[in-house]
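Treat the numbers as computed from the prediction; the structure is a model and nothing was measured. We name chains A, B, ... by the order of the sequence lines, and we start the count at 1 in each one.
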There are 2 protein chains.
Amino acid sequence: MRPGAHRPSVPLEHRHVIRRIPQARERGIPDATVARLPLYLRALNGLAERGTPTVSSEDLALAAGVNSAKLRKDLSHLGSYGTRGVGYDVQYLIYQISRELGLTQDWAVAIVGVGNLGRALANYGGFVSRGFRVAGLLDADPEVVGDRIAGLVVEHTDELESVITERGVSIVVIATPATAAQHVCDRVIAAGVTSILNFAPVVLAVPDGVDVRKVDLSIELQILAFHEQRKASGGPIMAEEWPDGVVM
Amino acid sequence: MRPGAHRPSVPLEHRHVIRRIPQARERGIPDATVARLPLYLRALNGLAERGTPTVSSEDLALAAGVNSAKLRKDLSHLGSYGTRGVGYDVQYLIYQISRELGLTQDWAVAIVGVGNLGRALANYGGFVSRGFRVAGLLDADPEVVGDRIAGLVVEHTDELESVITERGVSIVVIATPATAAQHVCDRVIAAGVTSILNFAPVVLAVPDGVDVRKVDLSIELQILAFHEQRKASGGPIMAEEWPDGVVM
DNA sequence: GTGCCTTTGTGAAGCCATGCACAAAGTGAG
DNA sequence: CTCACTTTGTGCATGGCTTCACAAAGGCAC
């Protein structure tokens, strides 16, 4: 099924460590920190484009929309990459964060489900921009198969396993209807994929060792509605009753 | 322009309660809980469709992909809506959660930016399904203005303020390119909107009292890449060096 | 070198969320 | 009515994340 597959990153064992090992990296980086690193990276890229050589935690935090103490602690988990009295070297920090996130290597991504959302994703510049390459677009609808989108030809989901195996796909994006998502999920896992980004509004059941991240548009809206209601109604407590005639 | 706008959560003093006060609701519901309520709601709707009358915390937690103790604690923040020895009445709980989230009312949403993503959002069934109604589609590109998408005609962003005001839009979805996002953001806030769902890859600067939720596809991918890299390399410590020739 | 200024990196405290474990509350059988 | 069983609601302990506040470290001027 894919002998040496998903080992996207070359096993860079033996690679001598040059300078001192930054203490903090010994054991895992907190999830909360990992989730913010891409944010810092984006802010840093903005600074780099404008030619800024160094940046203080204060300024970078401002650009990333976080508190500067949190930023410093986050960065301290990667190692000690700043210079007191000066700040952080922008280029250097970009490199360190990119490496930590695994963006210095090339990730092949397959998108399953080429509806409106799948198309949007395929065309989304942010994918290509940083280490990610769309290596396959798949759909179950014969009507869609064969279409050319963002330079790729849509293939039939029958090809799912072979696309994953042959092109070294290690991350799969599921943008199918909810009903198809679990089935697709099972198949890609069977094919060896352990990282899934799910846009379908279902909770995917996966075995241990498989990472699923979920993006759910309607959930985000509902959370906004909750807060908006709070603001609008002047307070949470309104009526407690259950409409007339209802049992319970 | 909505005079009393952004005044986040108003002091909810004096407000008479009808039946007994569900203790826990007196003060705000934890954000973490709010973020999970839509999940429970979806699971409950699935059960309701299959005609299930009641459900235990164990079963509902399973369907929602969380731990049952957490589910019970979350629900306890809304009030005491279960029956010991039996479980929760599905219909009743759906109503209570919907009400808490503000989904028993109708929310007018405007989508700004009708590119691939905006189209996908406009066609996304999940919007309409639950209290949300797309009341406007706007784009700056004259080429796109006039197109009919999901039953609506795309309008020019010049109309932004009037669309918001006249149609009572209270939630705006920004799906523009990154460069336009802040400008759109400023305008919708000036027009009185205090809830924004941002798909553009930028950190929006907003005044206090405005809620911004951010959905960022590339960030999700980067987080996946991080974990995938970890799995693949068998451990966190690899190389520490900075490519030759680089200072610092 | 010395002294001053800036900014990092981190100890410590506080806060919030998670999950266990169990008493309380309800059902249903006999 | 009583008893056995189920399931909720929650007190409590644990752990992780955030924030404060400051000592340590480096740059710069002289």
Side-chain angles (χ1 to χ4, degrees), chain A residues 19-37 39-40 44 47 52-90 92-93 96-97 100 223 247-248, chain B residues 20-37 39-40 43-44 47 52-90 92-93 96-97 100 223 247-248:
Chain A
R19 309 199 202 300
R20 74 276 129 122
I21 308 177
Q23 291 282 48
R25 255 189 88 223
E26 283 171 6
R27 282 291 153 206
I29 298 172
D31 286 347
T33 295
V34 172
R36 281 186 296 264
L37 290 180
L39 224 59
Y40 303 153
L44 284 164
L47 291 167
T52 316
T54 63
V55 66
S56 70
S57 63
E58 199 71 46
D59 291 349
L60 183 53
L62 191 70
V66 303
N67 155 320
S68 71
K70 180 148 57 178
L71 171 75
R72 285 199 300 277
K73 183 146 287 190
D74 282 343
L75 294 183
S76 79
H77 287 124
L78 309 188
S80 197
Y81 295 139
T83 306
R84 295 173 194 230
V86 176
Y88 299 89
D89 181 283
V90 172
Y92 185 60
L93 197 51
Q96 290 299 345
I97 295 179
E100 194 66 53
I223 296 173
V247 263
M248 163 101 200
Chain B
R20 76 274 127 125
I21 310 178
Q23 289 284 47
R25 256 187 90 224
E26 283 171 6
R27 285 287 157 208
I29 299 173
D31 285 348
T33 295
V34 172
R36 282 185 296 264
L37 290 180
L39 225 60
Y40 304 153
L44 284 164
L47 292 167
T52 315
T54 64
V55 64
S56 70
S57 64
E58 198 71 48
D59 292 349
L60 183 53
L62 191 70
V66 303
N67 156 321
S68 71
K70 181 151 54 181
L71 171 72
R72 287 198 298 279
K73 185 149 291 193
D74 282 343
L75 294 183
S76 79
H77 286 123
L78 309 189
S80 197
Y81 296 140
T83 305
R84 294 172 194 228
V86 176
Y88 299 89
D89 180 283
V90 172
Y92 185 59
L93 196 51
Q96 290 299 345
I97 294 179
E100 195 64 52
I223 296 172
V247 262
M248 168 135 193

Determine: side-chain N/O of B/Ser57 to OP1/OP2 of D/dT8, distance under 4.0 Å, yes or no.
yes

From B/Lys70 NZ over to B/Leu75 CG, what is the distance, rounded to the nearest 0.5 angstrom?
13.0 Å

Atom OH of B/Tyr92 and atom C1' of D/dT8: how far apart are they, to the nearest Å?
15 Å

Looking only at atom types and distance, does a side-chain atom of A/Thr52 sit under 3.5 Å from a main-chain N or O of A/Leu47, one as donor and one as acceptor?
yes

C/dG9 OP1/OP2 closer than 4.0 Å to side-chain N/O of A/Tyr88
yes

In this structure, how many angstroms lie between the P atom of C/dT10 and the OH atom of A/Tyr81, rounded?
12 Å

Distance in Å, A/Asp89 CG paired with A/Leu44 CG, rounded so as to fall on 0.5 Å steps:
10.0 Å

If I take atom CG in residue A/Asp89 and atom P in nucleotide C/dT7, what distance separates them, rounded to the nearest angstrom?
16 Å

Looking at CZ of B/Arg36 and CD1 of B/Ile29, how far apart are the two atoms once the value is rounded to the nearest 0.5 Å?
12.0 Å

Check nucleotides 15-19 of chain D for protein N or O atoms closer than 3.5 Å to its own N or O atoms and list the pairs.
from	atom 1	to	atom 2	distance (Å)
D/dT18	OP1	A/Arg36	NH1	3.0
D/dT18	OP2	A/Arg36	NH1	3.4
D/dT18	OP2	A/Arg36	NH2	2.8
D/dT19	OP2	A/Lys70	NZ	3.4
D/dT19	O4	A/Lys73	NZ	3.1

Rounded to the nearest 0.5 Å, what's the gap from CZ on B/Arg72 to OG on B/Ser56? Could you check?
9.0 Å

Under 4.0 angstrom between A/Ser80 side-chain N/O and C/dG9 OP1 or OP2
yes

Shortest side-chain distance from A/Arg72, nucleotide among D/dA24, D/dT8, D/dA21:
D/dA21

Closest to the A/Arg84 side chain: C/dT10, D/dA25, C/dT27?
D/dA25

What integer distance in Å separates B/Leu71:CG from C/dC20:P?
14 Å

Taking side-chain hydrogen bond (donor to acceptor under 3.5 Å, both in side chains) as the definition, give me every residue that meets it alongside B/Thr33, ordered by chain and number, with sequence neighbours left out.
B/Asp74

When rounded to whole Å, the NE2 to P distance for the pair B/His77 and D/dT10 reads 9 Å

If I take atom CG in residue B/Leu93 and atom P in nucleotide D/dT8, what distance separates them, rounded to the nearest angstrom?
11 Å

Interatomic distance, B/Leu78 CG vs D/dT8 P [rounded to whole Å]:
14 Å

Would you say a side-chain N or O of B/Ser56 is under 4.0 Å from OP1 or OP2 of D/dT7?
no

Taking OH from A/Tyr40 and P from C/dT8, how many angstroms apart are they, rounded to a whole number?
13 Å

Show your reasoning for whether side-chain contact (heavy atoms from CB on, under 4.5 Å) applies to B/Leu37 and B/Leu78.
CA-CA 10 Å; B/Leu37 290 180; B/Leu78 309 189; 4.1 Å; yes

